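When reading the values below, keep in mind they use all heavy atoms of this one structure, side chains included, and skip hydrogens, waters and symmetry mates. This one's a predicted model, so the numbers in the text were calculated from it and none came from an experiment.
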Amino acid sequence: MMVDEIKREQWKKKVIENLKREAVKNIIAITGDVARLDAKVNNTYTVYIKDGRMIKKQTNGKCVVINGKIQG
């Protein structure tokens, strides 16, 4: 393989890794949107972690910290 071919292959791998990373980010975002919609339809709540704390968010927008600080 020539140097240009090696560089091209390395570039292709980086591009594919970035596309995979973006796809995962999009899937995570969509999953959160679906969870919020599901909670609203079923009049329940969502739970997520923010700044090391577990948050319970009601469909009316009220947030409650549950279980204190998350370890790890």
Looking at every non-hydrogen atom in both residues, tell me the closest pair between [X] and [Y] and how far apart they are.
| X | Y | answer |
| --- | --- | --- |
| Thr46 | Ala39 | CG2-CB, 3.8 Å |
| Tyr48 | Lys57 | CE2-CB, 4.0 Å |
| Met54 | Val47 | CG-CG1, 3.5 Å |

Give the intermediate values and the outcome of salt bridge (Lys or Arg N to Asp or Glu O under 4.0 Å) for residues Glu9 and Lys12.
CA-CA 5 Å; Glu9 287 301 315; Lys12 284 166 91 175; 3.6 Å; yes
Does Lys62 offer a backbone N or O that forms a donor-acceptor pair with the side chain of Asn60 under 3.5 Å?
yes
So, does Asn42 use its side chain to make a donor-acceptor pair with the main chain of Asp38 at under 3.5 Å?
yes
Does Glu17 come within less than 4.0 Å of Lys14, counting only side-chain N to carboxylate O?
no
Rounded distance (nearest 0.5 Å) linking atom CG of Asn26 with atom OG1 of Thr31:
10.5 Å
Roughly how far apart are Asp33 CG and Arg36 CZ, rounded to 0.5 Å?
4.5 Å
Decide yes or no for Ile49 and Ile55: does some side-chain heavy atom of the first lie under 4.5 Å from some side-chain heavy atom of the second?
no
I would like to know whether Arg8 and Glu5 meet salt bridge (Lys or Arg N to Asp or Glu O under 4.0 Å); could you show each step before the answer?
CA-CA 5 Å; Arg8 187 177 302 123; Glu5 290 177 17; 5.5 Å; no
Under the salt bridge (Lys or Arg N to Asp or Glu O under 4.0 Å) criterion, do Lys7 and Asp4 qualify, and how do the steps go?
CA-CA 5 Å; Lys7 285 183 179 180; Asp4 287 342; 5.5 Å; no
In this structure, would Ile16 and Val24 fall into the same cluster of hydrophobic residues linked by side-chain contacts under 4.5 Å?
no
